[in-house]
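Working notes, beginning with the structure itself.
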Amino acid sequence: MEPRALRWETLAALRSSSKGRLSYGRRWPQDEDLLEGCMSPLVLSPYSGWVLDRVVGQLAPEIAPSRSSTPKEPAPLTNGSSPLEKVTSASCRGSSPLSPAEPSETKGNEDLSLLEMDHEVFPVALPSKVTEVEGCIRMYEEMHRLKGKEGLRQRQEQQEQMVRAVSDLASEQLKRFDELKELKQHQEFQDLQEVMEKSSKEAQGQQEKLKEEHRHRAKVLNLKLREAEQQRQRQEELERLRKEEGQERLRRLYSIQEEVLQLNQQIDPNYRHKDLPRIDLSAYSNRGNQICGLVSGLIRTTSERGFPTQVDVANTERALQEMRGLISSMQQEIAAAVEEKRRKDEEEERQKQKELLKKEQMKAQPPAPAQQSGGKQQKEGSQLREIFDKINNLLSGKSVQSGGRTVSVTQHPQGLDFVYYKLAEKFVNQGEEEVASHHDAAFPIAVVASGIWELHPRVGDLFLAHLHKKCPYSVPFYPALKEGTSMEDYQRMLGYQVKDSKIEEQDHFLKRMSGLIRLYAAIIQLRWPYGNKQGAHPHGLNYGWCWLAQMLNMEPLADVTATLLFDFLEVCGNALMKQYQVQFWKMILLIREDYFPRIEAITSSGQMGSLMRFKQFLETCLQQKEIPLPKGALQSSFWRS
C-alpha cells in the first residue's frame with residue numbers, strides 16, 4: 001500500500017472519531033463558554049475549499065499513478081461518502097467563494113482572499129494538511145515579500161531621484177559659490193594692486209627723502225671723520241712720545257739691572273774669596289740677591305702693565321745705590337781679610353819649604369797598579385759629585401761658575417723654569433749621543449739624573465716629556481699613520497730625524513733609540529748615594545716592570561722591538577730579576593715561547609741581526625738562570641773609593 005493512501009485513510013478515521021468533530025480556533029472568545037464550541041457542528045473556513053482545491057490539484061498526478069499500479073486499493077476521493085465530498089458540501093453550505101457558479105469572482109478575488117485568509121486550523125484535515133497549510137502560509141509570506149520588495153524598489157527609485165535632485169542642486173550651488181569666490185578674488189586683487197601702487201608712490205617719496213637725509217649725514221660724517229683723523233694723529237704723536245720716553249726709561253731699568261747683577265757677581269762667596277780665613281760673605285750675598293730680586297720684580301711688573309714710570313726708575317736707582325754701598329763695605333772687609341791672610345801665608349811658607357823635599361821624593365817613586373786604579377775611580381767619583389753639586393746649587397738658587405762667568409737662576413724671573421727645561425733636554429741628548437756611542441756612559445749620567453730628579457721633581461717630569469717626544473717607544477707607544485698626515489711628519493712621530501726631506505738611516509735611528517732606552521733603564525734602578533734615601537725612588541723599577549709588560553701586550557715592530565727589548569733587559573734585567581724573582585722568569589719564558597715567534601714572523605732576512613742577538617741573550621740567561629750585571633755598572637766599591 002502506498003504511504004499517501006494510508007494518510008487518506010488515517011484522515012478519514014480521525015474525522016469519524018469524536019475528537020475529529022471538534023472545532024478548534026486560535027483565539028477563544030472571552031465571553032463564551034469554552035465547552036460550547038465542542039457541541040456545535042463542524043464548520044470549515046470559507047477558504048478551505050480553495051486550499052483543498054490547490055492541494056488536490058497538486059496531489060492528483062501522484063494519486064493517479066498509484067491507482068494504476070494498485071487497482072485493488074480503495075479510492076477515497078471518488079467515494080460518495082468520502083471526506084472530500086463532505087468538505088465540498090460543507091463549503092457549499094458556507095457559501096464558499098470557490099462554488100462553480102462564481103468561478104470568475106473567485107479568480108478575481110484570489111489576492112484579496114489571500115490577504116484576508118483566516119488562520120484557523122481545519123479539524124478534519126487530511127494527513128498532509130499541515131504541510132499544505134504551511135505551504136499556504138509560505139505562499140502568503142512570499143506574496144508579502146514580493147510586495148515588500150516592490151515597495152523597496154519603489155522607495156529606492158524615489159531615493160535615487162531625491163539624491164540626483166540634491167546632487168544637481170549642490171552642483172549648481174557650488175558653481176554659484178565658485179563664481180562668487182572668483183569675483184571676490186578679482187576684487188581683492190584690484191584692491192591689492194591699488195594699495196601696492198599707492199605704497200610704491202609713498203616708498204618713492206620716502207626714498208627721495210632718505211637720500212636727502214643721507215647726503216646731509218654724509219656731509220656731517222665727513223666733517224666728523226676729518227676731526228677724528230686729526231685727533232687720531234694727535235693721539236698717535238702723543239703715544240709715540242710716551243713710548244719713546246717709556247722705552248728710554250725701560251732701557252735705563254735694564255742698564256741698572258745689568259749693573260746690579262754685575263755687582264752681585266762680585267760678592268759671590270763661593271768663587272773669588274772662598275779661601276779667605278774668618279770671612280763670611282753670606283750676608284752680603286743674601287742682601288745682593290734680594291736687591292737683584294727686587295729689581296727683577298720691578299721690571300717684570302712694569303713690563304706687564306706697559307712702560308715703566310719715573311717712580312719705577314727712581315726705585316731701581318735707589319736699589320743700585322744700595323748695591324754699590326754693599327760692594328764698598330764688602331771690599332773693605334775683604335781687604336782686611338787679605339792682609340791677615342798675607343801674614344799667615346808668610347808663616348806657612350817656611351813650613352812648606354821643609355816639606356817640599358819630602359813631596360819631591362814621593363813623586364819620584366812610581367805608584368802601584370792598584371793605587372792607580374783606585375785613584376782613577378776616586379777621580380771619577382769626585383767628578384760626578386762635583387757635577388751633581390754644581391747642578392744642585394744652580395737649581396737651588398745659588399750662583400755657579402759656567403763658561404767663564406757666574407750665573408744664577410735668580411737673574412731672571414723665569415730663569416729657574418728655563419734651567420729645568422734645558423737640563424732635562426740635556427740629559428735626553430746625552431742619552432741619544434753619548435750613551436748611544438758608549439753604553440757604559442749610561443750609568444754615571446743616570447745616577448746624576450736620578451739624584452737631581454729626586455731633589456727637583458720638575459726636572460724628572462720634563463725629562464720624561466723630552467724622552468717620550470724623541471723616543472715614543474719609551475712610553476711605549478707606536479704612533480699610527482692618520483689621514484692627512486704627511487710621510488715626513490709621520491716619520492718624525494716615529495722618532496726619525498728628518499733634515500731637508502731626508503730621513504735618517506735605519507742603523508743610526510736604532511742606535512739613538514738604543515741609547516735612550518739604555519739611559520731610561522739605568523735611571524729607574526739607580527739612586528744618588530749621598531741623598532736622602534728615606535723616600536721611594538721617584539721613578540723606580542715598578543715603572544720598568546710596567547714598561548716591559550706593556551711592550552709584550554703590543555704587536556711587535558720589525559727590527560725595533562727586538563733591539564729595544566735587548567737593550568732594556570741587558571741594562572735593567574739584573575735589577576728586575578732581584579726585585580721580582582719568579583715572576584720575572586715567567587715573563588722571560590713568555591718572551592721566548594710566545595713573543596719571540598711573533599717578532600720572528602714579521603722580521604725579514606735583512607733584519608735578523610738584532611733578533612738573533614736578542615735570542616742568544618735569552619738562551620744564555622735561561623741556561624745560566626742568571627741575568628748578568630751590565631757592563632759599566634757602578635758598584636758600591638766605586639763610591640767607597
Side-chain angles (χ1 to χ4, degrees), residues 159-254 296-316 412-414 417-418 465 469 479-490 492-493 498 501:
Q159 188 71 20
E160 290 176 356
Q161 292 176 0
M162 291 176 63
V163 170
R164 284 194 296 270
V166 172
S167 176
D168 295 339
L169 179 61
S171 178
E172 292 297 328
Q173 290 180 354
L174 181 60
K175 290 180 181 179
R176 302 292 85 77
F177 177 76
D178 292 339
E179 292 173 357
L180 181 62
K181 184 177 179 181
E182 184 178 359
L183 178 61
K184 188 175 180 179
Q185 289 179 350
H186 182 67
Q187 292 176 353
E188 291 178 352
F189 177 75
Q190 288 181 349
D191 295 340
L192 180 61
Q193 189 174 6
E194 292 176 358
V195 171
M196 291 177 63
E197 291 177 356
K198 184 178 179 180
S199 300
S200 177
K201 293 179 181 179
E202 293 178 355
Q204 289 178 358
Q206 188 70 19
Q207 187 175 8
E208 292 295 333
K209 184 178 179 180
L210 290 175
K211 286 181 179 180
E212 185 64 26
E213 292 179 357
H214 177 71
R215 285 192 292 269
H216 177 69
R217 290 180 180 178
K219 293 179 181 180
V220 175
L221 288 176
N222 288 332
L223 293 175
K224 290 183 178 180
L225 286 174
R226 283 195 294 269
E227 294 178 358
E229 181 65 21
Q230 294 175 359
Q231 182 68 20
R232 185 186 63 80
Q233 292 177 358
R234 288 194 295 268
Q235 291 292 341
E236 288 181 352
E237 184 65 21
L238 293 175
E239 183 68 18
R240 185 181 61 80
L241 295 175
R242 188 181 68 82
K243 287 183 178 180
E244 289 180 356
E245 294 177 357
Q247 290 176 355
E248 183 64 27
R249 287 193 294 268
L250 186 61
R251 284 193 292 270
R252 175 60 180 164
L253 288 181
Y254 285 146
S296 300
L298 287 173
I299 294 177
R300 182 172 62 254
T301 303
T302 55
S303 62
E304 290 176 356
R305 68 167 182 258
F307 293 103
T309 61
Q310 192 63 33
V311 177
D312 297 331
V313 177
N315 292 334
T316 54
H412 193 275
Q414 298 177 347
D417 294 335
F418 176 76
K469 183 178 180 181
L481 179 60
K482 298 181 180 179
E483 185 178 358
T485 304
S486 63
M487 186 54 63
E488 293 183 5
D489 294 337
Y490 179 62
R492 291 190 182 94
M493 292 171 59
V498 181
S501 300

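None of the values given here were measured: they were computed from a predicted structure.
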message: Does either side chain, that of R234 or that of Q231, offer a donor lying less than 3.5 Å from an acceptor on the other one?
response: yes
field: R251 with E248: basic N within carboxylate O range, under 4.0 Å
entry: yes
Flag side-chain contact, heavy atom, 4.5 Å: K219 against L223: no
field: Point-to-point distance, once rounded to the nearest 0.5 Å, from CG of L225 to CG of N222
entry: 6.0 Å
message: Distance check, rounded to the nearest 0.5 Å: L169 atom CG versus E172 atom CD?
response: 8.0 Å
task: Check the pair Q159 / M162 against side-chain contact (heavy atoms from CB on, under 4.5 Å), numbers first and verdict last.
output: CA-CA 5 Å; Q159 188 71 20; M162 291 176 63; 4.3 Å; yes
field: Listed partners of R226 passing side-chain hydrogen bond (donor to acceptor under 3.5 Å, both in side chains), at least two apart
entry: none
field: Gap separating the CD atom of E245 from the CZ atom of R240, nearest 0.5 angstrom
entry: 10.5 Å
- request: Take L298 and L253 through the test side-chain contact (heavy atoms from CB on, under 4.5 Å) and record every step on the way to the result.
  value: CA-CA 9 Å; L298 287 173; L253 288 181; over 6 Å; no
Any side-chain donor near an acceptor of the partner, S171 and D168, under 3.5 Å: no
Spatial distance of atom CG (L481) from atom CE (M493) [nearest 0.5 Å]: 8.0 Å
message: Could you tell me if the side chain of R492 sits less than 4.5 Å from the side chain of D489, heavy atoms only?
response: yes
message: So does I299 get a backbone contact from the side chain of Y254, meaning a donor-acceptor N/O pair under 3.5 Å?
response: no
Taking only distance into account, with no hydrogens and no angle test, what donor-acceptor pairs under 3.5 Å do side-chain atoms of residues 177-198 form with protein atoms, sequence neighbours excluded?
unit_1: E179; atom_1: OE1; unit_2: R176; atom_2: NE; d: 3.2
unit_1: E179; atom_1: OE2; unit_2: R176; atom_2: NH2; d: 3.1
unit_1: H186; atom_1: NE2; unit_2: Q190; atom_2: NE2; d: 2.8

Nearest heavy-atom neighbours spanning S296 and P413: O-CG, 4.4 Å
- prompt: Nearest heavy-atom pair of P308 and G246: which atoms, and what distance?
  reply: CD-O, 3.8 Å
field: Straight-line distance of D312 CG to R252 CZ, nearest 0.5 Å
entry: 13.5 Å
message: Rounded at 0.5 Å granularity, tell me how far CG in L238 sits from CD in Q233.
response: 12.0 Å
